[in-house]
Every structure is written in C-alpha cells, then in structure tokens.
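Chain letters run A, B, ... following the sequence lines, proteins first and then strands; every chain starts at 1.
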Amino acid sequence: MTIHIYNTLSKKKEIFEPVNPGKVGIYLCGPTVYKEAHIGHMVGPVIFDSICRYFRYNGFEVTWVVNITDVDDKLIGQSRERGIPMSQVATEMTMDYCANLLSMGVDQITHMPKATEHIDEIICFIRDLVEKGFAYDTAGDVFFDVGRNTEYGKLSNRRPDEQQGEGGGAASKKRAAGDFALWKSAKPEEPSWQSPWGPGRPGWHIECSAMSHRILGRTFDIHGGGLDLVFPHHENELAQSECCHGEAMAKYWMHNGLMRAAAAGKVGGRSDRQAPADQASEETSGQKISRSKGAGGLHELIAQQGGERIRFFLLRTHYRSTIVFDNEGLEETGAALEKFYGFFERYERITGQRFYLEVDGEETRQLIRQRQEGEIEVSQPGLLSEIKSLRDSFLGKMDDDFNSGGAVSDLFQMLSTLNKFADEKHLDISTERVDDDLADFSRAVETLRELSAILGLFLKPPAKAVAGDNDELLDQAMQLLIEMRAEARKNKDFATADRVRDGLTAIGVTLEDRSEGTNWKAD
RNA sequence: GGCGCCGUGGCCAAGUGGCUAAGGCGGCGGAUUGCAAAUCCGCUAUCCCCGGUUCGAAUCCGGGCGGCGCCUCCA
C-alpha cells in the first residue's frame, strides 16, 4: 500500500513519503471571496476532500488548509460597487463559499486562514525577503526580484526572460517585467495596513507563503490548486518561500484539471451578449469556466441537482483531466446514483438496518475506519472473495494518484455483485433466506460503505426532491391506495390495479411490487 | 511565438507495453412480473491517421490532423 502522486514539479508520479512520519500537511489554494463561487471552484475542494479522507483512512494525521483571500483589487472593486466595506463583501462571500462546500460534502478541512488576519506574518515574510536581497521597495511598493532567484520558473517550466512583458502602469516601478508585487502601496480610500514601507496591502501570492509557513511549516507535503494557478501564482509562492527559507516549500505539487462548459449559457450565465444564440453556443463551446465570463448560479445548481450528484460527477473523472460540464452529464450521473440509492433501500428492507450513518463534519472524521480494519478474511470462493478482490482493486486505484474515476467502477461492480447475490439467495423473502447468506451480505455491504465513505459518498440519505418523504398524512394515503390496489390484484381486477399505478406514475410516483409488498417512491 | 495537455464503443470514462480493452448512461434482446417498476443475464470498440521501435503497442518514438490550457485576474 504505497500511495503514488503525480508531482507537477517533477512531471512524474512519485512515491508519497511524508515529511513527518504519520502526518500529512496539505495546502490548497482557496477562493478570492469577491463574488459567489461557481461549479469550477468545487473541483479542487471535492477531490482534495477525498484525498484527505484517503490519507486518514490510511492512518495519517492530516492537516488540510484552504486559504481565503479576502483582500485584493476585485474585493475593493466590489466594495465600491456595492457601497459596503470590503470586509462585509468578504464575510458574505466566505459564508457562501463554505455553505457550498458543505452541501457538496466537503467537511474535512482543518484550517481556513484569511489573509487579513495574517498581515503581521506577511509583513515579516516580506521584510525577510528584502533583508536577504530577494526583494526591493520602490516608493511604498515592494517587488520580488525574479532575477535574483536562479531557480525561478522550475514549476511551470518557463524562463522569465522568455515571457511576454506585462506592461501596465505599475510595471514601470519594477526592475524587470517578471517581478511581482509583495506589498502594494495604498491609493486613497483603499483598505490598508501599516508597514515598514508605508500603508498598503499584501500582493496576491505572499499570503499563501506566509500562511502555509505559519500553519504547516517551512516544508510541507502537498500544495494543490487548479492547473491555472501553476503560473504565476504557484511559481511565485514557491520562489518567495524557497528564497526566504532556503528549503523546499512543498514536496508534492498537485494540480487539478479545469472545468469547461459544454456550451454557452448552460453553466449559468455566460450572457448572450455575443448575439445570435446558435453562433454564441458554437463559439464558446468548450471554453473554460470562469467568473469573469459570468459563470455562477452554484446555489441553484446544487438545489436543483443535489450536492452528492455533483460530487459524484466530479469524482467519476480523474482529477487531472478536464471535465466538461453540462446538465446532461449531470442527469446521467443521477441515473447512475439511483442504482445505489435503490440498492441501499433494498439493503434496509432485507436487514432492517439503516444503511446511512447520518453523520458529518467532525463525526465523519472520527468514523473513517482504518484500512487494516476493513480487511476481509476469506477461506473459499464466494461473495466475500469477490468483494475482497474488488476492494483490493479500488484501493489499488486510489493508491495510484487518487484515481477516483477508476475506483468508482469497482463500486459499481460491487453493487452488481451484491444485487446478484441477493437475487440468487432470495434475500428479499424472509422465509427463504439463510442466516449465513445474510451475514455475508451484511459484511459485504459494510465494505461498500467503507469504500464509498472514502469518496465522501452515501453518508447521508439522498435529499428527496419531493417534500412529503416524511409527511405522515401522505404516507397514510399512499398505504391506503396500495392496500386497495393489492386487493384488486388479488381479485385479478388488473384494470383497477393498473389505473391506480398509471395514475400515480402520471404524477411522478412509482410503485414497485415486491415479494413482500409494494413500496412507492416519488421522483 | 514560448511552455504544456488531450483525442478509447452512440455519449461519458478507466486503462499508458503482454490474459477475451474496466465501469456508467443510452439502445436492443432475454430472465423475472398478471402487465410494469426494480434486479439479473446477453449483445453494442479497425483504441484520430501515417510511419517506426519491439517477439508483442491504445500504451513507447517520429510525423500529421483535430480539440484545449497557460504565458494578464482566474479553482
């Protein structure tokens, strides 16, 4: 059981060896909280949430940091536009972001530091860099001197002198076009903090260097983020931290693929300012999703589709590849998920046990079982040996750079195996089933639960779209209908029986006649 | 222009040197059912093209075609 990780720095898969035995420190670049999040912002958190669960499952003590950038130009812009303080914009959007994370089942994060709460550390960090000669100040602005860093460009594989110039006003103060701001002097009426270089605010990259250092130390295990952050953000962080400390910032750099929209408008808002609808959809099809292009509506999307569906959708593709987002794909995922939900209901009917653990947050963390505890002892071929080999396959795929997409297929195979077993052994019929089979079945389901929990799936019952799941009155009415229909069927009055069922189908209620009675569900 | 990624069945998607190329969605056929639903079984792939390396390539190398990302804010 060795975990391999694809490292952007070396461009290879490497064997994971923690900096400190038994511990893992992860820093994931979080959002700039100036606007509501869009679906693309969820890719990293969801995959890292599963990675985090997987490390914990393997016995590691994990510290997972996701930072909140709550000061920058865009926040200042929003604050002006809306006529409220920047801190209020940040607070609102941070709460929004966290709510989205929770509804996607992302609850493994241990720290969410804010840039504005670490100004002192940031200033110290910059002062250090200036003293060591890696940074210079020009009338209130402090820049990192890329030319002094011989290794600059090693993460994104580019040389500073080959870059196209940045241009722009601030560039004139820089010694070289590739130099970037560590500290920006305050313009009138901008939020600012006192510093040795005068009032101002931190540049974009420095907060991550300062906060990761503060929480995770000089060299930590994994630094993650979207592929679009490799340059300049991570390259600059790396340069700052390694120049300041003289040692590696992170051992493994992981970058998730970006999400693209299948067509204009579908993601929620790529507005039709591009004129003819057909044209626009042709032209923007396959474009990267981003807030500057108007993507949004994550709340609506989650409300509509359910967080688990979106999470599952994201995990079915390898984290490093591009995911094309469209509603059809999501609907398909929904159909696939239904197979699981249907089986869990079957499990509950058969065993009388609740499938869902119904816990979240801290409790989930306590509940993550250890890899060794889940080992299955088998002496002969049969259900458990099949489940065991599927489990081995699942874990093998997760060990190989967190191949959740491949791992999910083992979950599906496990599902088929279990359904087949229940069919063959007549587990649905209480008078025909055998205790030994039931015991094996339960043991096997336990494994399915163990593995799906690694992916953060099936911890809670799916949210029903139709209110009334808990509506006693509705349930009683349904029972009455079902009883009357049962009587009709008994009397071979199928016309009446079908009238009831078809009528219910028409209003979105499905009846399922089973060996031990009929049950219903609303879609 | 510089750096990089991708192209697997109708659609989505694992696999990156060697058993009959996972899995999902959809479709078709069958078992089951009074008929359905659910479930199970079966069927549905010249792995973009050309050339090379190799006993053997979807997988490695070269060339082409097509799609995309970064180089400016971006998860």
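Within 4.0 Å (heavy atoms only), A/Thr333 reaches no atom of the nucleic acid at all. Residue A/Arg485 is in base contact, counting any heavy-atom pair closer than 4.0 Å across all strands shown. A/Leu511 comes within 4.0 angstrom of a nucleotide base, judged by non-hydrogen atoms across all strands. Note on A/Asn403: only backbone sugar-phosphate atoms sit closer than 4.0 angstrom, heavy atoms only; bases stay farther off. Across all strands shown, A/Thr505 has no heavy atoms under 4.0 Å from either base or sugar-phosphate atoms. Contact annotation for A/Asn419: backbone-only contact, meaning every heavy-atom pair under 4.0 Å involves sugar-phosphate atoms and none involves a base. Counting any heavy atom pair closer than 4.0 Å across all strands shown, A/Gly225 reaches sugar-phosphate atoms only and no base atom. Residue A/His318 is in sugar-phosphate contact alone, with no base atom involved, counting any heavy-atom pair closer than 4.0 Å across all strands shown. Using a 4.0 Å heavy-atom distance criterion, A/Lys339 is classed as a sugar-phosphate-only contact. Note on A/Phe494: a base of the nucleic acid sits closer than 4.0 angstrom, heavy atoms only. Counting non-hydrogen atoms under 4.0 angstrom, A/Arg320 reaches nothing in the nucleic acid. Nucleic acid contact class of A/Gly30 (heavy atoms, under 4.0 Å, all strands): sugar-phosphate only. Among the protein residues, A/Glu512 comes within range of the nucleic acid bases, having at least one heavy atom under 4.0 Å from a base atom.
In this structure, A/Phe340 atom CZ and B/A38 atom P are separated by 16 Å, rounded to whole Å. Rounded to whole angstrom, the span from the CD atom of A/Glu516 across to the P atom of B/U33 amounts to 16 Å. Atom pair A/Met478:CE and B/A37:C1' shows a separation of 13 Å (rounding to whole Å applied). A/Phe325 places its CZ atom 18 Å from the P atom of B/G69, with the value rounded to the nearest Å. Across the protein-nucleic acid pair, A/Met398 atom CE and B/G23 atom P stand 20 Å apart, rounded to whole Å. Note: NZ (A/Lys35) to P (B/C73) measures 17 Å, nearest angstrom. Atom pair A/Leu383:CG and B/C40:P shows a separation of 14 Å (rounding to whole Å applied). Nucleotide B/G4 holds its C1' atom 19 Å from the NZ atom of A/Lys154, rounded to whole Å.
Within 3.5 Å, no donor on the side chain of A/Arg260 pairs with an acceptor on the base of B/G69, nor the reverse. In this model, no side-chain donor or acceptor of A/Arg316 finds a partner on the base of B/A13 within 3.5 Å. One can find a donor-acceptor pair under 3.5 Å joining the base of B/C73 and the side-chain atoms of A/Lys74. Taking only distance into account, the side chain of A/Glu332 meets the base of B/G24 through a donor-acceptor pair shorter than 3.5 Å.
Comparing atom distances between the A/Asp423 side chain and each of B/U39, B/G23, B/G26 picks out B/U39 as nearest. Nearest nucleotide to the side chain of A/Arg501, out of B/G34, B/G4, B/C40: B/G34. Listed nucleotides B/U39, B/G23, B/C3 differ in distance to A/Asn157; the shortest reach to its side chain belongs to B/C3. The side chain of A/Ala336 lies closest to B/C25, out of B/C25, B/G34, B/A75.
Taking atom P on both B/C43 and B/G24, the two are 13 Å apart, rounded to the nearest angstrom. For the C1' atoms, the distance from B/U72 to B/G9 is 41 Å, rounded to whole Å. Taking atom P in both B/U8 and B/G4, the straight-line distance is 23 Å, to the nearest Å. Look at the C1' atom in both B/A57 and B/C19: the space between them is 16 Å, to the nearest Å. Spacing of C1' atoms, B/C61 relative to B/U16, comes out at 14 Å, to the nearest Å. Only the P atoms considered, B/U59 is 15 Å distant from B/U53, to the nearest whole Å. Taking atom P in both B/C47 and B/C40, one finds a spacing of 30 Å when rounded to whole Å. Comparing the same atom, P, in B/G63 and in B/C3 gives a spacing of 13 Å after rounding to whole Å.
With a 3.5 Å ceiling on both atom-pair distances, B/G34 lacks any Watson-Crick or G-U wobble partner. For B/G42, the paired base is B/C28 (Watson-Crick or G-U wobble, both distances below 3.5 Å). With a cut-off of 3.5 Å on both Watson-Crick or G-U wobble distances, the partner of B/A21 is given as none. Across every strand in view, B/U8 sits in a pair with B/G15 that passes the Watson-Crick or G-U test at under 3.5 angstrom. Across all strands shown, B/C3 is found opposite B/G69 as a Watson-Crick or G-U wobble partner, with both distances under 3.5 Å.
In this structure, A/Arg449 satisfies the cation-pi test against A/Phe355, with its NZ or CZ atom closer than 6.0 Å to the six-membered ring centre and inside 45 degrees of the ring normal.
A donor-acceptor pair under 3.5 Å is formed between the side chain of A/Asp49 and the backbone N or O of A/Gln108.
Other residues, nucleotides and ligands place no more than 12 heavy atoms under 6.0 Å from the NZ atom of A/Lys425. Heavy-atom neighbours of A/Lys114 NZ from other residues, nucleotides or ligands within 6.0 Å: at or below the threshold of 12.
Between B/C40 and A/Ser416, a contact under 4.0 Å exists linking OP1 or OP2 to a side-chain N or O. Considering only side-chain N and O atoms, A/Ser321 lies under 4.0 angstrom from the phosphate OP1 or OP2 of B/A14.
A/Arg501 has a carboxylate O that lies under 4.0 Å from a charged side-chain N of A/Asp498, or vice versa, which qualifies the two as a salt bridge. Ion pairing between A/Lys35 and A/Asp96 fails under the 4.0 Å rule for side-chain N and carboxylate O. Salt-bridge annotation for A/Glu516 and A/Arg349: absent, with no side-chain N of the basic residue lying under 4.0 Å from a carboxylate O of the acidic one. Salt bridge status for A/Glu235 with A/Arg158: absent, with no side-chain N to carboxylate O gap under 4.0 Å.
Each of A/Arg514 and A/Cys29 lies near RNA chain B, and the nucleotide nearest A/Arg514 is the one positioned closer to the 5' end. Along RNA chain B, the nucleotide nearest to A/Lys11 and the one nearest to A/Asp410 differ in position, and the one closer to the 5' end is contacted by A/Lys11.
Side-chain contact annotation: A/Asp73 with A/Tyr34, donor-acceptor N/O pair under 3.5 Å absent.
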